[in-house]
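What follows is a single structure, written as structure tokens, with notes after it.
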Amino acid sequence: MHRQLQSGGLRSIPGGKVMFGSWVEIENESGLKKRLRIVGYEELIGAKDYISIDSPMAQALYKKKEGDEAIVKTPAAQSKWRINKIEYVK
């Protein structure tokens with residue numbers, strides 16, 4: 001049951017998990033939304049919406065599903081994010 005999306009070659013898979021290469025829409029408790037793609041370090045250059053698979057955010061999101069919450073821990077703070085949507089490049 002794949003649902004094709006209008007946004008050029010992305011697909012949403014019900015029950016899918018956050019993996020390497022995923023586009024993830026997340027939201028924090030204040031309502032701030034972000035859309036990120038999890039990539040390798042070498043793919044980060046010039047891409048403001050890409051995050052490294054090694055980052056605290058990516059590690060907290062990895063293998064979670066839509067609707068799950070992720071706790072992101074950094075030396076400066078801890079924050080909670082809800083996964084609204086996961087998309088994969090076709």
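Start at 1 with the first residue, then count along the sequence.
Pairs of residues two or more places apart, or lying in two chains, never qualify as ring pair (Phe, Tyr, Trp, His ring centres under 6.0 Å) while including a residue from residues 53-77. Listed by first then second residue, pairs satisfying ring pair (Phe, Tyr, Trp, His ring centres under 6.0 Å) with a partner in residues 29-54 read Trp23-Tyr50, not counting sequence neighbours.
Residues Lys64 and Lys17 form no side-chain contact, since every pair of their non-hydrogen atoms from C-beta on lies 4.5 Å or further apart.
Evaluation of the side chain to side chain contact (heavy atoms under 4.5 Å, CB included) rule for Asn28 yields Ser30, Leu32, Trp81 as partners, not counting sequence neighbours. For Lys34, the salt bridge (charged side-chain N to carboxylate O under 4.0 Å, His left out) criterion is met by no residue, not counting sequence neighbours. Legend: residues meeting salt bridge (charged side-chain N to carboxylate O under 4.0 Å, His left out) with Glu42, ordered by chain and number and at least two apart, are absent. Applying the side chain to side chain contact (heavy atoms under 4.5 Å, CB included) criterion to Gln78, with sequence neighbours excluded, gives Ile71, Lys73. Residues passing the side chain to side chain donor-acceptor pair (under 3.5 Å) test with Gln59: none are found, sequence neighbours excluded. With sequence neighbours excluded, no residue forms a side chain to side chain donor-acceptor pair (under 3.5 Å) with Asp68. Under the rule for a side chain to side chain donor-acceptor pair (under 3.5 Å), the partners of Glu27 that lie at least two apart in sequence or sit in another chain are Asn84. With sequence neighbours excluded, no residue forms a salt bridge (charged side-chain N to carboxylate O under 4.0 Å, His left out) with Glu25.
Here Arg37 contributes atom CZ and Leu44 contributes atom CG; the two are 11.5 Å apart, rounded to the nearest 0.5 Å. A distance of 12.0 Å separates CG in Leu36 from OG in Ser52, rounded to the nearest 0.5 Å.
At distances below 3.5 Å, not a single donor-acceptor pair connects side-chain atoms of Ser22 with backbone N or O atoms of Val24.
When all heavy atoms are compared, the tightest approach of Val18 to Tyr88 is N-OH, 4.3 Å.
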Quiz item: For Ile38 and Met57, what are the C-alpha separation, side-chain angles and deciding distance, and is it a side chain to side chain contact (heavy atoms under 4.5 Å, CB included)?
Solution: CA-CA 9 Å; Ile38 299 174; Met57 175 71 81; over 6 Å; no
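The existence of a salt bridge linking Glu87 and Arg35 is confirmed by a sub-4.0 Å separation between a basic side-chain nitrogen and an acidic carboxylate oxygen.
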